[in-house]
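Following: one structure in structure tokens, then a few remarks.
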Amino acid sequence: MRGGGLATLVFLLPMLVVFTVFSWLPIGQAVVMSFQQTNLVSDATFVGLENFRTVLSDPLLWTAVENTLWFAFLALLFGYPIPLVVAVLMGEVRRFRGLYGALAYLPVVVPPVVAVLLWKFFYDASPTGVFNTLLGYVGIDALPWLQDADVAMPALVLEATWAAAGGTIIIYLAALTGVAPELYEAAEIDGAGVWRKVWHVTLPRLRHVLLVTFILQIIGTAQVFLEPFLFTGGGPANSTTTILLLIYDYAFANSLGGDYGAATALSLMLAAVLAVFSAVYFRLTRGWSTS
């Protein structure tokens, strides 16, 4: 091999081996397991498409799908624009920008489990709970944050947005450094205010980043697990049971050995849906992202 190709291959080989062993091999095993009836204790039995039929006939699946879509919608409604707005406002600040950036990123540094347990304490439904005490100061009655089916999912989204927004804010701040200051100066000469500069200068220059963060947030919200698992366990009345939590229940709800075939079947179905969605999304947005 010419041009140092052999040396490059030698350097890449350890990474390729690790990637194959810890990524592609488990994926292949999951595909095989999805066609088997197994609890990883007794001998596996080939059942063909029975696991997929079992999953599709489970009434709880469609509840989980509905809950996951509801979580994704709320997360996009609040979690997608908030980091952009915060990044734009921070971009207008001339002093202490580094301090504000550190404060914005601080929730990302907090371990996810610790963050959820901390917020679970804040969500105490009693009138003396942290959040309910704050609501009482403005004359709002105490809320059953995690005990009410109508309130539980928005409460989960609120914590998830707080925990994840910092990383996206840093990405937007980094992208904003690539916007030529002359464009803002020209807009100011034309009499543009802050929001007109954002609409006509900032957003067009950030469209590539916005497209990527949008699809990443869709994929992330479709795989939400930690919040419903630690906050509510899927309750109340399965109102926060998501697809990944249902996969976990298939595999681990039974202490004597779960239905890993059904769990891997549902995992592959979720992966296939996300792959198709991503392909269609990038296909539809290709012209806009390259313009």
Side-chain angles (χ1 to χ4, degrees), residues 8 12 15-16 19 23 27 68-94 96-109 112 157-158 160-225 244 270-291:
T8 302
L12 287 176
M15 183 192 68
L16 293 175
F19 190 76
S23 183
I27 291 175
T68 302
L69 292 175
W70 179 230
F71 182 94
F73 172 76
L74 291 176
L76 288 174
L77 184 63
F78 299 105
Y80 187 68
I82 287 177
L84 179 60
V85 172
V86 173
V88 170
L89 293 177
M90 290 174 60
E92 295 291 323
V93 175
R94 295 294 180 264
F96 305 114
R97 184 180 300 179
L99 175 62
Y100 296 141
L103 292 176
Y105 193 73
L106 184 61
V108 182
V109 180
V157 172
L158 180 62
T161 300
W162 172 86
T168 309
I169 291 172
I170 297 301
I171 293 174
Y172 289 147
L173 285 174
L176 286 172
T177 60
V179 181
E182 294 80 6
L183 297 175
Y184 291 114
E185 294 172 0
E188 290 177 357
I189 293 174
D190 291 337
V194 173
W195 296 114
R196 288 187 61 189
K197 289 191 294 183
V198 170
W199 184 258
H200 295 288
V201 178
T202 303
L203 292 182
R205 297 303 183 281
L206 295 183
R207 62 178 179 272
H208 308 289
V209 178
L210 291 172
L211 288 173
V212 174
T213 54
F214 182 82
I215 189 63
L216 289 178
Q217 181 152 356
I218 289 290
I219 294 173
T221 54
Q223 301 179 80
V224 60
F225 169 76
L244 248 66
L270 176 61
V273 170
L274 291 178
V276 171
F277 176 83
S278 300
V280 173
Y281 174 81
F282 283 117
R283 178 71 177 179
L284 294 176
T285 59
R286 180 185 300 175
W288 188 51
S289 62
T290 56
S291 62

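As the structure is a prediction and not an experimental result, all values here were calculated from the model.
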Least distance between heavy atoms, Tyr281 atom then Leu211 atom
OH-O, 3.0 Å
Restricting to non-hydrogen atoms, name the atom on Gln223 and the atom on Leu244 that form the minimum distance, rounded to 0.1 Å.
O-CD2, 3.1 Å
Results of side chain to side chain contact (heavy atoms under 4.5 Å, CB included) for Leu74 - residues two or more places apart only
Trp70, Phe78, Met153, Pro154, Val157
Tell me, please, which residues at least two apart from Phe225 pass ring pair (Phe, Tyr, Trp, His ring centres under 6.0 Å).
Phe229, Tyr248
Taking all atoms of both residues into account, what is the closest heavy-atom pair of Leu176 and Ala87, and its distance?
CD1-O, 3.6 Å
Give me the atom names and distance for the closest heavy-atom approach of Gly101 to Ile170.
O-CD1, 3.9 Å
Which residue pairs pass the side-chain hydrogen bond (donor to acceptor under 3.5 Å, both in side chains) test with at least one member in residues 163-176, sequence neighbours excluded?
Tyr172-Thr213
Partners of Leu106 by side chain to side chain contact (heavy atoms under 4.5 Å, CB included), sequence neighbours excluded?
none
Taken in chain and number order and not counting sequence neighbours, the residues that satisfy side chain to side chain contact (heavy atoms under 4.5 Å, CB included) with Val109 are Tyr105
Could you list the residues that satisfy side chain to side chain contact (heavy atoms under 4.5 Å, CB included) with Ala175, not counting sequence neighbours?
Leu206, Val209
Over all atoms of both residues, closest heavy-atom pair of Gly79 and Thr161:
CA-CG2, 3.7 Å
Quick test of your reading: applying side-chain hydrogen bond (donor to acceptor under 3.5 Å, both in side chains), list the pairs with at least one residue in residues 76-87, sequence neighbours left out, ordered by first then second residue.
none
What one should report as the nearest heavy-atom pair of Thr221 and Ala72 is OG1-CB, 3.5 Å
